[in-house]
Amino acid sequence: NSIADIREVAIKQGMVPLFHDGLAKVLRGETSMEELVRVSGDIEYVALMFDKLLKQSLSRGIEITKEENENILKILNDRSKIENLVKNSKSGDAFEVLCILALIFNASDIHMEPEDKVVKIRYRIDGVLVDKLQLGINEYLGVIQYLKDLILKEESNELVSEGRFKIKTTECDKDVRVSIIPSGFGESVVMRILKANIGSLDLTELGFLPEMLPTLKQMISRPNGIILACGPTSSGKTTTMYSILSRLNTPNVKIMTIEDPIEYQIKGIVQTQVDESKNYTFLEALKSFLRQNPNIILVGEIRDEETAKVAVQASLTGHLILSTMHTIDSIGVIPRLINFGIESRDLSSSFSGAIAQRLVRKLCPYCREEDKEEIEYVNTVLGSLSKEMKKKFEFRLSKEKKIFKAKGCEKCNFTGYNGLIGLFEILPSDTEIEGLIASKADSVVFKNELAERSLNLEQDGIMKVIDGSTTIEEIKRVI
């Protein structure tokens, strides 16, 4: 055997060549590539055998070819074959298989959860976690070390690791946000796959009904005030805020953001990220932004009294503030802000509106079936519409009502659903709403006013049921 053959076998058996050890130091910034080449000598074998590895390491990403994707598609419906493939592959290749599966499933998250004897691999598909694979503990240790190397995470005393990398395909690149935390049986990993070009999404693509767009556009066109997106975690609030920001992003305005973390890059906007280790919090960033005189500020989330007070004061001094809160509905943001110590008079002047939202799965158009059992529920909800909303949706309501349920086919991975769509309720501020906030009216009064201006979440959901976008089952699941 030649030296090249012996070297190749040794590397496959786990030998770490001098050059690879040096490469790790280059990636950590401890030396340069030129210095590494100088002391390592001839590295032609590295270029031949590890061209892909080097490119991936230096770009902090992995490359997935069309051929690799097609190979996984061939065994997609055989779980045991996929598990054996992962078990018998090197750590980097095993990790690639997990990422390829995520792309095939169009998953938003990959969850790797160690248990007593195995590691459960779950994918969040259309908002729902689905158990897809199990790994042995030994395979998992190699995979997680590969992931740490990919995000340039060195071994240290820190219990929590975070980072990012890219998945590169022939079609597009996808950013992946990584979180690693300790658990009872080892380190638990969540990788969130971020959508590309999210800022270019049209508001109707998110799920805003055409009949409600004038209300939304009027609300976000104000030069100052505070606009809040509200709902539970993973309800699409960030996506909505980014889409609104992109719509407002014109050359004649300055937009600044403070996020935790930055999820999507938008050209023309100054984006910053929370770093509590350096005391760069939402509050401190917001105070600093005001000295730079932006027109529009996005605050990732209002979590505390001080941030709420500074945000409201900023909106009163000519800035448009966009942010998110964790409340059940749009009306809930008003008492929440008052509980944060905001004077009702200040809030009435600064409040421009609130958007409550949820995410539901979209029906697969190839296999859906008619559902005749839930039509009574649909009629009950539609019967609760105010006169104003019945008039606004008159054309839609005049059509024959036909609703569907999920079945499942090969095109939707036998789930009956494919993709997500938002449910929305919009509470815009006007003279009447300002008066109610100033007088501290109770929630019943606000709900009556909301009914005249917008659909509530359930009613918006039913509109999407009768147009065939989703199911009654999904509406009941999220509301």
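By convention here, the first residue in the shown sequence is residue 1.
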Under 3.5 Å side-chain donor-acceptor pair for [X] and [Y]:
X    : Y    : result
S183 : E113 : no
D304 : T307 : yes
T257 : E259 : yes
Y280 : T272 : yes
T415 : N413 : no

Are the side chains of [Y] and [X] in contact, using a 4.5 Å heavy-atom criterion?
X    : Y    : result
H319 : I296 : no
I255 : V270 : no
N249 : R247 : no

Can a salt bridge be assigned to the pair [X] and [Y] using a cut-off of 4.0 Å between side-chain N and carboxylate O?
X    : Y    : answer
E474 : R361 : yes
D131 : R79  : yes
E374 : K476 : yes
D175 : K166 : yes
R177 : E162 : no
K402 : D467 : no
D371 : K405 : no
K87  : E83  : no
E211 : R396 : yes

Given 3.5 Å as the limit, does a donor-acceptor pair link the side chain of [X] with the main chain of [Y], or not?
X    : Y    : value
R336 : H326 : yes
S469 : V465 : no
H111 : I121 : no
S323 : V299 : yes
Q459 : N456 : yes

Next on the checklist: Which residue in the set T240, T239, D329, D460 passes side-chain hydrogen bond (donor to acceptor under 3.5 Å, both in side chains) when paired with Q357?
Outcome noted: T240

Checklist entry - Between I321, T324, V333, I226, which is the residue that forms a side chain to side chain contact (heavy atoms under 4.5 Å, CB included) with I302? => result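 Only one of I321, T324, V333, I226 forms a side chain to side chain contact (heavy atoms under 4.5 Å, CB included) with I302, namely I226.
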
Next on the checklist: Could you walk me through whether T470 and Y417 satisfy the side-chain hydrogen bond (donor to acceptor under 3.5 Å, both in side chains) test, starting with their C-alpha distance in whole Å, then the side-chain angles of each, then the deciding distance to 0.1 Å, before giving a yes or no?
Outcome noted: CA-CA 8 Å; T470 190; Y417 298 95; 5.8 Å; no

Checklist entry - Does NZ or CZ of K411 fall inside the cone over Y366's six-membered ring, less than 6.0 Å from its centre and within 45° of the axis? => result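 So K411 does make the cation-pi contact.
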
Next on the checklist: To the nearest 0.5 Å, what is the distance between CD1 on I269 and OH on Y264?
Outcome noted: 14.5 Å

Item to check | Test of ring centre spacing under 6.0 Å for Y140 and F95 | outcome: no

Next on the checklist: One pair to check against side-chain contact (heavy atoms from CB on, under 4.5 Å): L283 and V310. What are the steps and the verdict?
Outcome noted: CA-CA 7 Å; L283 176 60; V310 174; 3.5 Å; yes

Item to check | Worked check of side-chain contact (heavy atoms from CB on, under 4.5 Å) between K362 and L420 | outcome: CA-CA 5 Å; K362 292 171 65 176; L420 294 168; 5.6 Å; no

